[in-house]
Amino acid sequence: MNCQSFETESGYLCVYEKDGRVFKIQFNQRCEGKINREIATQFQEYLEGRRKTLDFPVEVPGTEFQKRVWASLRKIPYGHVVTYKELAEKLKTAPRAVGQALKANPLPIYFPCHRVVAKDSIGGFTGGIQWKRMLLKIEGCEF
DNA sequence: GCTTTTTAGCCCG
DNA sequence: CGGGCTAAAAAGC
């Protein structure tokens, strides 16, 4: 596992890689370099199973609805899963709309969309269902 | 702008 | 399995 941080024209970028797959994470301008390295460390610790929550300030682009859904993801406890339907009921919307919003998740792991599964299956995950399985496994959740 | 299609779901027969 | 429901976003007009 490798995790690095860079400065780019639009903000800071954190890249982490495992098993040949790459996640790229973009941060807003307000993140200090010091905080940025701290963030990279948080991701690394999470992937090694030594950290349960990621916590740092971030601003992501999205509609009001999407941001509301993403925020709600962070209330799902570590190692716990909910279904699209349960989340939809909580947010007073429809399961498919939740799926749409999760698909647009700009910051996986920080917004733990892998903790949302379908009623009778694991559901989807952008960039590979293997990631979802792996992340759940890290959290000790066999699915 | 307004209309149609698409979607990481779900339920019923 | 196959349709019908559904809300949001994207694509089409």
Side-chain angles (χ1 to χ4, degrees), chain A residues 1-31 35-143:
Chain A
M1 218 286 294
N2 183 26
C3 192
Q4 289 183 288
S5 50
F6 306 93
E7 193 166 353
T8 72
E9 64 283 351
S10 56
Y12 292 96
L13 186 69
C14 174
V15 178
Y16 52 104
E17 173 268 329
K18 189 169 188 173
D19 300 334
R21 294 186 194 84
V22 179
F23 271 135
K24 293 182 183 176
I25 311 270
Q26 190 99 35
F27 302 100
N28 68 349
Q29 298 279 8
R30 278 180 286 175
C31 292
I35 295 174
N36 193 38
R37 282 194 299 281
E38 155 74 14
I39 289 168
T41 304
Q42 289 192 24
F43 275 98
Q44 185 149 359
E45 287 175 346
Y46 170 86
L47 290 170
E48 291 170 0
R50 293 189 288 117
R51 169 178 276 273
K52 297 194 174 182
T53 55
L54 278 63
D55 200 23
F56 47 84
V58 34
E59 286 209 8
V60 290
T63 66
E64 285 308 306
F65 175 76
Q66 287 170 336
K67 284 189 261 191
R68 198 158 58 90
V69 176
W70 298 335
S72 73
L73 295 175
R74 291 180 42 79
K75 294 180 188 154
I76 306 171
Y78 187 89
H80 192 260
V81 295
V82 298
T83 65
Y84 294 98
K85 187 194 173 190
E86 285 166 348
L87 200 54
E89 284 171 355
K90 190 175 267 185
L91 297 168
K92 299 274 196 286
T93 181
R96 292 197 103 155
V98 173
Q100 287 269 49
L102 295 207
K103 184 182 176 186
N105 180 5
L107 199 47
I109 296 182
Y110 178 86
F111 296 116
C113 61
H114 59 278
R115 294 181 196 147
V116 186
V117 299
K119 193 194 172 201
D120 297 309
S121 78
I122 193 169
F125 196 79
T126 319
I129 201 66
Q130 307 90 329
W131 265 107
K132 194 168 185 171
R133 289 219 165 83
M134 189 187 83
L135 295 174
L136 286 170
K137 195 169 184 179
I138 287 172
E139 301 193 4
C141 184
E142 300 293 338
F143 204 87

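Below, read A as the first sequence line, B as the second, and so on, with proteins coming before strands; counting in each chain starts at 1.
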- Message: Can you see if the side chain of A:Lys132 gets near the phosphate of B:dA8 - specifically, an N or O under 4.0 Å from OP1 or OP2?
- Response: no
- Message: Mind checking if A:Thr63 touches a base, just sugar-phosphate, or nothing, with heavy atoms under 4.0 Å?
- Response: sugar-phosphate
- Short N-O contact, A:Glu86 and A:Lys90, less than 4.0 angstrom: no
- Task: Pick base, sugar-phosphate or nothing for A:Phe65, based on heavy-atom distances below 4.0 Å to the nucleic acid.
- Result: sugar-phosphate
- Message: Taking pairing as Watson-Crick or G-U wobble with both contacts under 3.5 Å, can you name the mate of B:dC2, or confirm there isn't one?
- Response: C:dG12
- Separation of A:Arg115 atom CZ from B:dA8 atom C1', in whole Å? 17 Å
- Note on the structure: Which of C:dA7, B:dA8, B:dC10 is nearest the side chain of A:Pro95? It is B:dC10
- Counting side-chain heavy atoms from C-beta on, which of B:dC10, C:dA9, B:dA8 comes nearest to A:Thr83? B:dC10
- Item | Contact nearer the 5' end of DNA chain B, comparing A:Ala97 with A:Ala118 | A:Ala97
- Message: I'd like to know if A:Thr93 reaches the base of C:dA7 with its side chain, counting only an N/O donor and acceptor under 3.5 Å.
- Response: no
- Message: Are A:Tyr110 and A:Phe43, when compared by the centres of their aromatic rings, separated by less than 6.0 Å?
- Response: no
- Query: Which is true for A:Lys85 with a 4.0 Å heavy-atom rule: it touches a base, it touches only sugar-phosphate, or it touches nothing?
  - Reply: sugar-phosphate
